[in-house]
Amino acid sequence: QVQLVESGGGLVQAGGSLRLSCAASRSIFSINAMGWYRQASGKQRELVAAITRVGSTNYADSVKGRFTISRDNAENTVYLQMNSLRPEDTAVYYCAAGTWLLPNGIRGNEYWGQGTQVTVSS
(Lines give C-alpha, C1' and ligand atoms only; values in the text may rest on other atoms or scores of the structure.)
Protein backbone atom coordinates (compact mmCIF):
# COMPACT_ATOMS: atom_id res chain seq x y z
CA GLN A 1 0.00 0.00 0.00
CA VAL A 2 0.93 3.64 -0.36
CA GLN A 3 -0.53 6.82 1.10
CA LEU A 4 -0.51 9.92 -1.07
CA VAL A 5 -0.64 13.43 0.38
CA GLU A 6 -1.17 16.44 -1.84
CA SER A 7 -0.10 19.99 -1.07
CA GLY A 8 0.36 23.30 -2.85
CA GLY A 9 -3.20 24.21 -3.70
CA GLY A 10 -4.68 27.60 -3.04
CA LEU A 11 -6.21 30.73 -4.52
CA VAL A 12 -4.50 32.40 -7.45
CA GLN A 13 -5.45 34.99 -10.03
CA ALA A 14 -5.90 34.07 -13.66
CA GLY A 15 -2.55 33.95 -15.40
CA GLY A 16 -0.75 32.94 -12.23
CA SER A 17 1.09 29.76 -11.31
CA LEU A 18 0.93 27.05 -8.68
CA ARG A 19 3.01 23.97 -8.01
CA LEU A 20 1.27 20.95 -6.57
CA SER A 21 3.19 18.24 -4.75
CA CYS A 22 2.20 14.66 -4.02
CA ALA A 23 4.26 12.97 -1.33
CA ALA A 24 4.12 9.20 -1.11
CA SER A 25 4.50 7.23 2.11
CA ARG A 26 7.00 4.84 0.55
CA SER A 27 9.28 4.55 -2.43
CA ILE A 28 7.58 5.25 -5.73
CA PHE A 29 10.37 3.67 -7.77
CA SER A 30 8.30 0.52 -8.25
CA ILE A 31 5.07 2.39 -9.03
CA ASN A 32 4.73 2.69 -12.78
CA ALA A 33 2.05 5.30 -13.27
CA MET A 34 1.50 8.40 -11.19
CA GLY A 35 -0.54 11.41 -12.01
CA TRP A 36 -3.03 14.10 -11.26
CA TYR A 37 -6.77 14.16 -11.73
CA ARG A 38 -9.17 17.00 -11.03
CA GLN A 39 -12.84 17.31 -10.30
CA ALA A 40 -14.68 20.56 -10.69
CA SER A 41 -17.96 21.17 -8.93
CA GLY A 42 -20.74 19.28 -10.69
CA LYS A 43 -18.38 17.57 -13.13
CA GLN A 44 -16.76 14.18 -13.43
CA ARG A 45 -13.21 13.55 -12.33
CA GLU A 46 -10.80 13.88 -15.26
CA LEU A 47 -7.18 13.04 -15.87
CA VAL A 48 -4.99 16.14 -15.98
CA ALA A 49 -1.52 14.67 -16.38
CA ALA A 50 0.29 11.42 -15.72
CA ILE A 51 3.82 10.11 -15.89
CA THR A 52 5.31 6.64 -15.98
CA ARG A 53 8.38 5.31 -14.25
CA VAL A 54 10.40 5.81 -17.45
CA GLY A 55 9.15 9.34 -17.97
CA SER A 56 6.40 8.92 -20.54
CA THR A 57 3.72 11.54 -20.05
CA ASN A 58 0.09 12.05 -20.89
CA TYR A 59 -1.71 15.41 -20.68
CA ALA A 60 -5.28 16.50 -21.08
CA ASP A 61 -5.65 18.67 -24.18
CA SER A 62 -6.89 21.55 -22.05
CA VAL A 63 -3.61 21.79 -20.12
CA LYS A 64 -1.02 21.00 -22.79
CA GLY A 65 1.61 23.71 -22.95
CA ARG A 66 0.59 25.11 -19.55
CA PHE A 67 1.06 22.25 -17.06
CA THR A 68 4.11 20.08 -16.54
CA ILE A 69 4.22 16.85 -14.56
CA SER A 70 7.42 15.47 -13.09
CA ARG A 71 8.43 12.84 -10.57
CA ASP A 72 11.36 12.61 -8.20
CA ASN A 73 11.80 8.97 -7.29
CA ALA A 74 14.50 9.80 -4.74
CA GLU A 75 12.09 12.12 -2.89
CA ASN A 76 9.03 9.89 -3.45
CA THR A 77 7.22 12.92 -4.82
CA VAL A 78 5.29 13.84 -7.94
CA TYR A 79 4.85 17.45 -8.96
CA LEU A 80 2.45 19.36 -11.16
CA GLN A 81 3.66 22.77 -12.26
CA MET A 82 0.66 24.81 -13.39
CA ASN A 83 1.25 28.00 -15.34
CA SER A 84 -1.09 30.43 -17.10
CA LEU A 85 -3.94 29.30 -14.87
CA ARG A 86 -7.50 29.94 -15.98
CA PRO A 87 -10.73 30.10 -14.02
CA GLU A 88 -11.77 26.83 -15.67
CA ASP A 89 -8.82 25.13 -13.95
CA THR A 90 -10.64 25.58 -10.64
CA ALA A 91 -11.15 22.14 -9.10
CA VAL A 92 -10.05 19.73 -6.45
CA TYR A 93 -6.84 18.11 -7.65
CA TYR A 94 -6.14 14.52 -6.70
CA CYS A 95 -2.91 12.59 -6.85
CA ALA A 96 -3.17 9.02 -8.12
CA ALA A 97 -0.89 6.03 -8.47
CA GLY A 98 -1.34 2.76 -10.27
CA THR A 99 0.09 0.03 -12.41
CA TRP A 100 -0.69 1.12 -15.95
CA LEU A 101 -1.00 4.41 -17.79
CA LEU A 102 -3.62 3.88 -20.46
CA PRO A 103 -5.13 6.41 -22.86
CA ASN A 104 -8.10 6.74 -20.51
CA GLY A 105 -6.03 7.12 -17.37
CA ILE A 106 -4.26 5.29 -14.57
CA ARG A 107 -5.48 1.75 -14.01
CA GLY A 108 -4.63 -1.22 -11.79
CA ASN A 109 -4.04 -1.25 -8.02
CA GLU A 110 -5.03 2.39 -7.83
CA TYR A 111 -4.33 4.65 -4.88
CA TRP A 112 -5.69 8.14 -4.34
CA GLY A 113 -4.85 11.13 -2.23
CA GLN A 114 -7.42 13.24 -0.40
CA GLY A 115 -7.18 16.15 -2.81
CA THR A 116 -6.15 19.79 -2.71
CA GLN A 117 -8.32 22.71 -3.77
CA VAL A 118 -7.16 24.99 -6.57
CA THR A 119 -9.19 28.13 -7.15
CA VAL A 120 -8.41 30.52 -9.99
CA SER A 121 -10.09 33.90 -9.85
CA SER A 122 -10.82 35.97 -12.95
Side-chain angles (χ1 to χ4, degrees):
Q1 284 204 354
V2 60
Q3 281 77 48
L4 304 173
V5 179
E6 304 96 335
S7 61
L11 174 64
V12 63
Q13 288 189 331
S17 298
L18 283 175
R19 187 195 196 201
L20 303 184
S21 299
C22 171
S25 60
R26 65 165 178 83
S27 172
I28 64 172
F29 181 79
S30 62
I31 301 176
N32 181 45
M34 297 199 70
W36 293 90
Y37 284 72
R38 67 186 180 188
Q39 187 168 19
S41 180
K43 295 188 177 181
Q44 288 190 332
R45 190 174 297 190
E46 64 174 352
L47 178 69
V48 176
I51 186 168
T52 68
R53 185 171 51 195
V54 297
S56 298
T57 57
N58 185 1
Y59 291 94
D61 288 342
S62 60
V63 307
K64 285 180 181 176
R66 301 188 297 123
F67 292 9
T68 302
I69 189 170
S70 61
R71 63 189 285 170
D72 186 334
N73 290 338
E75 295 295 327
N76 302 327
T77 303
V78 177
Y79 301 99
L80 184 67
Q81 178 66 44
M82 306 187 294
N83 299 328
S84 302
L85 283 161
R86 305 167 179 169
E88 54 264 39
D89 295 317
T90 296
V92 178
Y93 284 70
Y94 297 90
C95 181
T99 303
W100 302 288
L101 178 55
L102 303 178
N104 59 346
I106 296 172
R107 296 291 183 269
N109 298 320
E110 296 144 40
Y111 295 95
W112 294 89
Q114 293 298 307
T116 185
Q117 176 71 45
V118 171
T119 303
V120 184
S121 63
S122 58

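Any value given below was found using the heavy atoms of this structure, including those in side chains, with hydrogens, waters and symmetry copies removed.
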Shortest non-hydrogen separation from [X] to [Y] and the atoms involved:
X   : Y    : result
G8  : L18  : O-CD2, 3.8 Å
A97 : I106 : C-CG2, 3.8 Å
S27 : S30  : O-OG, 4.5 Å
T77 : I28  : N-CD1, 3.8 Å
A24 : L4   : CB-CD2, 3.9 Å

Please say yes or no: joined through hydrophobic side-chain contacts below 4.5 Å, possibly via intermediate residues, are [X] and [Y] part of one cluster?
X    : Y    : answer
V92  : Y111 : no
L47  : I69  : no
V63  : V12  : yes
Y79  : V48  : no
L101 : M34  : no

Check: [X] side chain, [Y] main-chain N or O, donor-acceptor pair, under 3.5 Å:
X   : Y    : result
T90 : V120 : yes
Q81 : R19  : no
Q3  : S25  : no

Would L20 and M82 count as a side-chain contact (heavy atoms from CB on, under 4.5 Å) here? Give the steps. CA-CA 8 Å; L20 303 184; M82 306 187 294; 3.7 Å; yes
Atom CD of residue position Q114 - does it have more than 12 heavy atoms of other residues, nucleotides or ligands inside 6.0 Å?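 No, not enclosed.
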According to the ring-ring contact (aromatic ring centres under 6.0 Å, His included) rule, which pairs have a member within residues 30-67, sequence neighbours left out?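 Pairs touching residues 30-67 that pass the test: Y37-W112.
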So I31 and R26, side-chain contact (heavy atoms from CB on, under 4.5 Å) or not? Walk me through it. CA-CA 10 Å; I31 301 176; R26 65 165 178 83; 3.9 Å; yes
Interatomic distance, [X] atom [atom1] to [Y] atom [atom2] [nearest 0.5 angstrom]:
X    : Y    : atom1 : atom2 : result
N32  : R107 : CG    : CZ    : 14.0 Å
S62  : R86  : OG    : CZ    : 7.5 Å
S122 : Q13  : OG    : CD    : 9.5 Å

Yes or no on side chain to side chain donor-acceptor pair (under 3.5 Å) for N83 and S17, after CA distance, side-chain angles and deciding distance? CA-CA 4 Å; N83 299 328; S17 298; 2.9 Å; yes
Strictly by side chain to side chain donor-acceptor pair (under 3.5 Å), give each pair with a member in residues 91-104 just once, sequence neighbours left out.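 Applying side chain to side chain donor-acceptor pair (under 3.5 Å) to every pair that reaches into residues 91-104, excluding sequence neighbours, yields R38-Y93, T99-N109.
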What pairs meet the salt bridge (Lys or Arg N to Asp or Glu O under 4.0 Å) rule with one or both residues in residues 65-74, with sequence neighbours excluded?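 Of all non-adjacent pairs touching residues 65-74, those that pass salt bridge (Lys or Arg N to Asp or Glu O under 4.0 Å) are R66-D89.
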